[in-house]
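See structure below.
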Number of protein chains: 4
Amino acid sequence: MGTKGQQTAQLIKTAARTVFKRDGYLNARMTDIADEAGKSPATLYNYFDNKREILHAMLEDFLSRVLDQGNPDPQGVYTSESLRSAIAVFWRTYTEFLPELVGITHAASVEDEFLQAWMQIREVGVKQIAGRVKVLQRQGLVDPKLDPYVAASALSSMLEHSCYLWLGMDAGGIGRPGSDDEAIDTLTYLWSRALGIE
Amino acid sequence: MGTKGQQTAQLIKTAARTVFKRDGYLNARMTDIADEAGKSPATLYNYFDNKREILHAMLEDFLSRVLDQGNPDPQGVYTSESLRSAIAVFWRTYTEFLPELVGITHAASVEDEFLQAWMQIREVGVKQIAGRVKVLQRQGLVDPKLDPYVAASALSSMLEHSCYLWLGMDAGGIGRPGSDDEAIDTLTYLWSRALGIE
Amino acid sequence: MGTKGQQTAQLIKTAARTVFKRDGYLNARMTDIADEAGKSPATLYNYFDNKREILHAMLEDFLSRVLDQGNPDPQGVYTSESLRSAIAVFWRTYTEFLPELVGITHAASVEDEFLQAWMQIREVGVKQIAGRVKVLQRQGLVDPKLDPYVAASALSSMLEHSCYLWLGMDAGGIGRPGSDDEAIDTLTYLWSRALGIE
Amino acid sequence: MGTKGQQTAQLIKTAARTVFKRDGYLNARMTDIADEAGKSPATLYNYFDNKREILHAMLEDFLSRVLDQGNPDPQGVYTSESLRSAIAVFWRTYTEFLPELVGITHAASVEDEFLQAWMQIREVGVKQIAGRVKVLQRQGLVDPKLDPYVAASALSSMLEHSCYLWLGMDAGGIGRPGSDDEAIDTLTYLWSRALGIE
DNA sequence: TATGAATGAGATTTCATTCAT
DNA sequence: GATGAATGAAATCTCATTCAT
């Protein structure tokens, strides 16, 4: 259950999530987070050096919860079903970690450090997708001239940016899916056809 | 050639482009833009009320240069060639107006006003793509159950976010194309297969 | 005694009184008040949003000290004695709250909000005087054709503006009374004769 | 008819009157006056060193039009009629020179120089009234113990401040007269009774 | 561990005023 | 004589961060 201190650190991170989600990482002020946590601003500094460190801590929690827990099947193969399932997992993960994933995107627009962090997280996914693409190329389902990493990056962008706009932005504009399933179905459809899967 | 005043307004916008590109819209200070323009900060305020207005003015220039000059073919149809050409146009436009297009993305993360503006610009493209998708659905090349706007939004995200990362970010991470052509080819390949073209 | 914070808020108001009195509300800068309070300018903003809010707070203190503590005798009648006493009370109040009362006058010349506030404070006095005038009209001591509010406003102006010039202005010009009593006596004399008392 | 230059100077003063009346002297900016005059700000500086000098020039025009043109009857005596007429003249003068007279009041709250100027103008009136009071004291109509200057200053305040509030302030508050005549009648009534006239 | 209070450092913004033409 | 354009010099205000308790 953790010491008092660990509890407080968690309390602060939870407050930060709330504030980041509500106001955006860039608009969030330390005092807002402190208010949300019901603590004095000074208390935050007993746990985190600054707002950046709070986001970093949140991202570490995210990484240990998501990436480290195993990317099963490093040499995996896409089937219609596994693809849909992979996209659904991504969608749900983005939903669950919205403040972290939108936050890092915004932080990256201001600090190179977070751009690097973002690109590293992204790299995991891109590499995995690229692996699948290579398989498909061997199978003759994807043009062998394609650089699998470039293709993977592009596909990743479709997924990531759709999640960003559809889940993260209050005003997502035209073309917003009516349900999680519609989103996942549409993305799966486009993606599977692009990769020549069934 | 314009009056001195018009020249100065232009000078400021050009300086802002440079600074936005170098430091990012959010990091740019009025002082930086003034320095880049070789003017006093006070001078900027004779032309623009604040940094937001500079970006707005830049976006208006962009709109009058790009969107107003006609989206030819409102009921157009995708062929392999027209698709590649459309993607190439997008790519080149993004390249040319990088500070504006990255700028509005960043500004949107902080001010709702710019999120709206971004979504409006995006809407033009999404609608156009959706029109093409509808045609393909009628031709039986795309699943009629798909909402064409949702699909168009997802495809647009692939394009837009790939440009953002590959062109806009100094550290674009893994999977970066080696040339403009590779980028355009890869995007065209994925997109055309997703839409069942050829 | 109040918390440290309350003390500081009070300290700032006291400093503001001093500075307003010395330099005038309009000339006073936040820095001056901060210096006078022995605080950093930033500290002031932890307590008041701006100079206007400081004056507002001072006026609220004034109102709770003066107006709220009861205008006894709402249907009161003027006698020589009660009139002199009323004028003396006004004089002493103006003396005591000089920074507030001169301050609101000056602030009113620049911001409509303070003009309204001033007029509201004035209204209390004018209504009270008008009530007395009505009584005198019924007693046949004042011309019944007179609008009691107009007359009350004029009499109030005599009192108020005399206080403003004699107490508030360092250079009060010619005709300044030599003592508080002379001021009160003269005003009482003119006022009582104007109203036909005694 | 004047040279071009004199015409422009006049144009600027006229514009300043308009702006002072609309926005108040303190809120008026040089550029506002320039705009109103249809001239460049730089042009104003060819004629006046700053806003203060414009007001000064306006006040000189006022003085030459009003005070210099003779204060008839330096040893004059008040009768009911002459008193009403004197008050009516003051009222009309205040009406006519509202921007100047309200302007100097406001300027005085910020610069001592204008407080002095105001007091000097006021002195002319106070001295005249005091002269009348002395006569009335000799006639036994006013208490000889009264300092005639103090009484004159108080009476002057009634007149001046009533004009200021009733004519000058857009929100004059309660007790505003319905017409010029009502204002003049009320002031005359109070004043004449205060001085024991008739 | 927690915090109320305070502040340094800086960016934005305003406006009177000047200057080159 | 007139002006478009530019700017120096402030004042306001914000916020992350620290410190004494």
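Here is how names work: the chains are called A, B, and so on, in the same order as the sequence lines, proteins then strands, and each is numbered from 1.
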What orientation do B:Phe20 and B:Tyr25 show, parallel under 30°, tilted 30 to 60°, or perpendicular over 60°?
-> perpendicular
Please give, in whole Å, the distance from [N] [atom2] to [X] [atom1]?
X: A:Asp35; N: F:dC15; atom1: CG; atom2: P; answer: 13 Å
X: A:Leu11; N: E:dA2; atom1: CG; atom2: C1'; answer: 13 Å
X: D:Ile54; N: E:dT17; atom1: CD1; atom2: C1'; answer: 13 Å
X: C:Met30; N: E:dT14; atom1: CE; atom2: P; answer: 18 Å
X: D:Leu44; N: F:dG1; atom1: CG; atom2: P; answer: 14 Å
X: A:Phe48; N: E:dA2; atom1: CZ; atom2: C1'; answer: 15 Å
X: C:Ile12; N: E:dA5; atom1: CD1; atom2: P; answer: 11 Å
X: D:Leu26; N: E:dA16; atom1: CG; atom2: P; answer: 12 Å

Counting only side-chain nitrogens and oxygens, does [X] get under 4.0 Å of the OP1 or OP2 atom of [N]?
X: A:Ser40; N: E:dA2; result: no
X: B:Thr31; N: E:dA11; result: no
X: B:Thr8; N: F:dA5; result: no
X: B:Lys4; N: F:dG4; result: no
X: C:Tyr45; N: F:dT14; result: no

Give a yes or no on whether the backbone of C:Thr3 and the side-chain of C:Gln6 come within a donor-acceptor separation of less than 3.5 Å.
-> yes
Can any side-chain N or O of D:Lys51 pair as donor or acceptor with the backbone N or O of D:Ala28 at less than 3.5 Å?
->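 Checked: pair present.
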Considering only heavy atoms and no angle criterion, is a donor-acceptor pair shorter than 3.5 Å present between the side chain of C:Asn46 and the base of E:dA6?
->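 Yes, a donor-acceptor pair under 3.5 Å.
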Polar pair under 3.5 Å, donor/acceptor by atom type, side chain A:Asn50, base F:dA16 |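 When only heavy-atom distances are counted, A:Asn50 does not reach the base of F:dA16 through any donor-acceptor pair under 3.5 Å.
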According to the Watson-Crick and G-U wobble definitions, with both distances under 3.5 Å, which nucleotide is paired to E:dA20?
-> F:dT3
Both distances under 3.5 Å, Watson-Crick or G-U wobble: report the partner of F:dT12, or none.
-> E:dA11
Note, [X] side chain near [Y] side chain (heavy atom, < 4.5 Å):
X: C:Ile33; Y: C:Glu36; result: no
X: C:Thr105; Y: C:Phe114; result: no
X: C:Ile121; Y: C:Phe62; result: yes

Touch class at under 4.0 angstrom, heavy-atom based, for B:Tyr47 against every strand present |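 Sugar-phosphate contact only.
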Where the side chain of A:Arg29 is defined as all heavy atoms beyond and including C-beta, which of E:dT12, F:dC15, E:dC15 is the nearest nucleotide?
->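 Given the options E:dT12, F:dC15, E:dC15, the side chain of A:Arg29 is closest to F:dC15.
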Any idea which of E:dT7, F:dA16, F:dT7 is nearest the B:Lys39 side chain?
-> F:dT7
Quick one: on DNA chain E, does B:Lys51 or A:Gly38 contact a more 5' nucleotide (nearest heavy atom)?
->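 This one resolves to A:Gly38.
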Closest-nucleotide ordering on DNA chain E, the 5'-leading residue of B:Ala42 and B:Ala28 = B:Ala28
DNA chain F: 5'-proximal contact among B:Pro41 and C:Pro41 (nearest heavy atom) |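 That would be B:Pro41.
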